[in-house]
Amino acid sequence: MKREDFYHKVYDVVSEIPPGRVTTYGAIAGYLGVRSGARMVGYALNNLISKEGENYPAHRVVNRLGQLTGRAYFPGDSMRERLEQEGVEFTEEYTVDIENHFWDPSLNLK
DNA sequence: ATTATGACCTATA
DNA sequence: CTATAGGCCATAA
């Protein structure tokens with residue numbers, strides 16, 4: 001698998017996440033076929049921001065607990081603010097209501 | 001080629 | 001319930 005393939009898939013999935021919905025690294029990784037490669041998803045997103053800036057809804061990707069683990073890679077609280085604007089509920093300061101807003105990537109290609 | 005690191009996840013204790 | 005340990009795959013040095 002070439003690097004671009006993996007990244008492209010991540011880009012594709014991320015850009016298909018509907019507003020007001022969130023998904024997890026594990027879900028994306030599993031959807032890509034590498035269940036244990038969840039870390040790579042975050043890595044890819046980090047690279048994505050460095051390369052494409054904030055043109056992709058990377059803020060809609062959280063860990064399986066709904067925590068905004070990547071907030072540090074966004075300027076200020078832009079990640080949390082964007083999610084709030086889209087109507088995502090928060091159970092904690094930096095934790096979204098994952099159970100009510102979860103979006104499974106496989107639902108897209110259904 | 002080898003080692004270290006990471007926006008994670010799951011299994012055990 | 002919380003805490004610790006290991007695995008996992010792609011990248012960077």
Side-chain angles (χ1 to χ4, degrees):
Chain A
M1 173 187 286
K2 292 196 299 187
R3 179 184 60 151
E4 290 188 2
D5 291 336
F6 184 83
Y7 279 22
H8 179 70
K9 287 177 180 176
V10 175
Y11 302 158
D12 195 43
V13 173
V14 171
S15 47
E16 293 298 331
I17 303 175
R21 292 296 189 81
V22 295
T23 190
T24 68
Y25 304 96
I28 295 176
Y31 171 71
L32 296 182
V34 281
R35 192 199 78 180
S36 306
R39 303 180 107 180
M40 261 42 53
V41 176
Y43 210 92
L45 292 179
N46 187 357
N47 195 292
L48 180 63
I49 293 177
S50 303
K51 184 180 180 184
E52 303 290 338
E54 298 180 52
N55 297 321
Y56 289 85
H59 56 279
R60 296 178 191 148
V61 183
V62 297
N63 70 359
R64 92 177 195 84
L65 299 179
Q67 299 174 327
L68 307 189
T69 50
R71 69 188 141 91
Y73 294 77
F74 284 82
D77 282 350
S78 59
M79 186 174 188
R80 185 172 63 89
E81 290 175 0
R82 282 193 179 188
L83 289 172
E84 286 181 334
Q85 286 181 350
E86 295 175 1
V88 177
E89 300 174 84
F90 282 69
T91 60
E92 303 285 339
E93 184 71 23
Y94 290 105
T95 304
V96 302
D97 191 339
I98 187 67
E99 304 204 345
N100 274 330
H101 295 279
F102 178 72
W103 177 81
D104 191 328
S106 62
L107 298 178
N108 185 40
L109 300 182
K110 164 171 53 69

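Computed from a prediction, not measured in an experiment: that's the story for all the values here. Letters A, B, ... mirror the listed sequences (proteins, then strands); counts begin at 1.
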Checklist entry - Reading nucleotides 3-9 of chain B from the 5' end, what letters show protein touch, with B for base, S for backbone sugar-phosphate only, - for no heavy atom under 4.0 Å? => result ---BBBS
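Listed by chain and number, the hydrophobic cluster partners of Val62(A) are Val22(A), Ile49(A), Leu68(A), Phe74(A), Met79(A), Leu83(A), Val88(A), Phe90(A), Tyr94(A), Val96(A), Ile98(A), Phe102(A), where partners are ILVMFWY side chains within reach of under 4.5 Å, directly or through others.
In this structure, Lys51(A) places its NZ atom 12 Å from P of dT11(C), rounding to the nearest Å. Distance, Lys9(A) NZ to dC9(C) P: 14 Å, rounded to whole Å.
Enclosure of atom CD in Glu99(A) is not indicated, since only 12 or fewer non-hydrogen atoms of other residues, nucleotides or ligands lie within 6.0 angstrom. Taking a 6.0 Å sphere around CZ of Arg82(A), one finds it holds more than 12 heavy atoms contributed by other residues, nucleotides or ligands.
The side-chain hydrogen bond (donor to acceptor under 3.5 Å, both in side chains) test applied to Glu86(A) returns His59(A), Arg60(A), not counting sequence neighbours.
Proximity of a side-chain donor or acceptor of Asp77(A) to a complementary backbone N or O of Glu81(A) within less than 3.5 Å is not detected.
Taking atom C1' on both dA7(B) and dA3(C), the two are 22 Å apart, rounded to the nearest angstrom.
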